[in-house]
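What follows is one structure encoded as structure tokens, with my remarks underneath.
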Amino acid sequence: MKHFIVGPVEMYPCTKEIYKDGIVYFRTPEFSKIVLNCLSKLSCLIGNSEESSMIYLTASGTAAMEAVVENTVFDNDKVLVINGGTFGHRFCELLKYHNKNYESLNLSWGEALNEDLLNKFDNQNFTMLFVNLHETSVGQLYDIELLKRFCKKNNLLLVVDAISTFLADDYNMDKNGIDVTIASSQKGLCLSAGLSFVSVSKRIKEKILNAPNPSSCYFNFKDYFKNIERGQTPYTPAVHIIYELQAILNYIDSFGGKEKWLENIKQKAQYFRKKAQEFGYSIPKYPLSNMLTPLIFNDVKASDVVLELKDKYQIYVNPCGGEMADKLIRVSHIGNTNLQDIDDLFEKMNIVVGDLKNKELVYDRK
Ligand SMILES: *Cc1c(COP(=O)(O)O)cnc(C)c1O
């Protein structure tokens, strides 16, 4: 069995080890120390040099997106959302659900975000920009420099869902003037699902701390910031994933650090894309994250390719939702996979696609 899905991904042996020692009690100085050490390393990887700027939640990434909406957007705010797929749409839904004032820049399938599209939203009293920097549903990686320039020009706070780009592509909060970064355990970190991380700039942390309480009690960031000072959370965290986190951070160190880690993923992505071209698969033209490669199928149903790979070979790749469900599959390059796994995937995928094409031909003739 091999996972080429975007998350949870193929885990590393060092993080699977964690579970053999059973449970641990977490309201202890020892656990606090591990948490603080992990968050400080994570802040470093995320490129945020501000002290005490990261909290973590026991919840999946969407909960962190919702908590950020609740804790940072207020009556006098107006948010611009980059909506280029399922996750951009999710930000819109969350903002709408919480009665926040927002508009969205909608991209159609295949359309790349560019300066002209953004400039249409100049000088319209926006106060914040929300973006899923890598729109995982289609694989488009937006240009952070472009977004940074637009936010600076219009004086916007920049909120980034980096869940599927952090630890897959180069990412740096300080350098790019990013005010909020959302990350989660099951993607680039290659851990179990269940923890999400929120890293903030100084100015947005002040905004959060000085604002009225959000309507959610469990996700009141003020409590999280107060507790994290001593390495704790207001409520019981997913303790085991913190131990997994400690293990993977050490592993990334021993791997040679962030640059080497990213280089390895990039190598897998480039290898995959070169082979895809050699075999005649087609790949979208917009800029891609190294985290995954979308393949476009025109003569067989993409969803059938996903099913056949799973049922015949126990190989998991991601299908696509919505209008692209029959056209796209997404193959992830993060997690404990290597170039041989990619060779194997192509070998099996070529068989599956060949068989599906033959079936279509037989069907056509009938
Ligand atoms: C995976 C992902 C999420 C989080 O989804 P959950 O299922 O809630 O963990 C959010 N945003 C992006 C861009 C993602 O790729």
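As the structure lists them, so they are numbered: ligands from 1, and atoms in each ligand from 1.
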- [ ] Provide the number and element of each atom of ligand 1 under 4.0 Å from a heavy atom of T136.
- [x] 12 (C), 13 (C), 14 (C), 15 (O)
TODO: Using distance alone, determine whether D161 and ligand 1 share an N or O pair under 3.5 Å.
DONE: yes
TODO: Any atoms of ligand 1 less than 4.0 Å from a non-hydrogen atom of R90? List them with their elements.
DONE: 5 (O)
Open item on the list: Walk me through whether Y102 and C92 qualify under side-chain contact (heavy atoms from CB on, under 4.5 Å).
Closed with: CA-CA 8 Å; Y102 78 95; C92 294; 3.8 Å; yes
- [ ] If you have a sec, work out which protein heavy atom is nearest atom 3 (C) of ligand 1 and how many Å separate them, to one decimal?
- [x] F87 CE2, 3.5 Å
Open item on the list: Check D344 with K348, please: is the shortest side-chain N to carboxylate O separation under 4.0 Å?
Closed with: yes
- [ ] Going by the side chain to side chain donor-acceptor pair (under 3.5 Å) test, name the single residue among N125, N101, T72, T127 that passes it with D77.
- [x] T127
Open item on the list: Closer than 4.0 angstrom, basic N to acidic O: yes or no for E229 and K226?
Closed with: no
Open item on the list: Taking 4.0 angstrom as the limit and counting only heavy atoms of S164, give me the atoms of ligand 1 inside it, by number and element.
Closed with: 13 (C), 15 (O)
Task: Distance from atom 10 (C) of ligand 1 to nearest protein heavy atom, with residue and atom - done: I163 CD1, 3.3 Å
TODO: Would you mind checking which non-hydrogen protein atom is closest to atom 2 (C) of ligand 1, with the distance to 0.1 Å?
DONE: K187 NZ, 2.5 Å
Task: Heteroatom distance test (M65, ligand 1): nitrogen or oxygen, under 3.5 angstrom - done: no
Open item on the list: I need the K2 NZ to N338 CG distance, nearest 0.5 Å.
Closed with: 6.5 Å
Open item on the list: When you compare ligand 1 with T62, is there at least one nitrogen or oxygen pair between them that comes in under 3.5 angstrom?
Closed with: yes
- [ ] Taking only Lys NZ, Arg NE, NH1 and NH2, and the carboxylate oxygens of Asp or Glu, determine whether R90 and D161 approach each other closer than 4.0 Å.
- [x] no
Open item on the list: Which residue and atom name correspond to the protein heavy atom nearest atom 9 (O) of ligand 1, and how close is it?
Closed with: Q186 NE2, 2.8 Å
Open item on the list: Under 4.0 Å between a side-chain nitrogen and a carboxylate oxygen: does that hold for R149 and E115?
Closed with: yes
TODO: Answer yes or no for K78 and F126: cation-pi contact, defined as NZ/CZ to six-membered ring centre under 6.0 Å and angle to ring axis within 45°.
DONE: yes
TODO: Compute the shortest N/O to N/O distance between S184 and ligand 1 and return yes if it is under 3.5 Å, no if not.
DONE: no
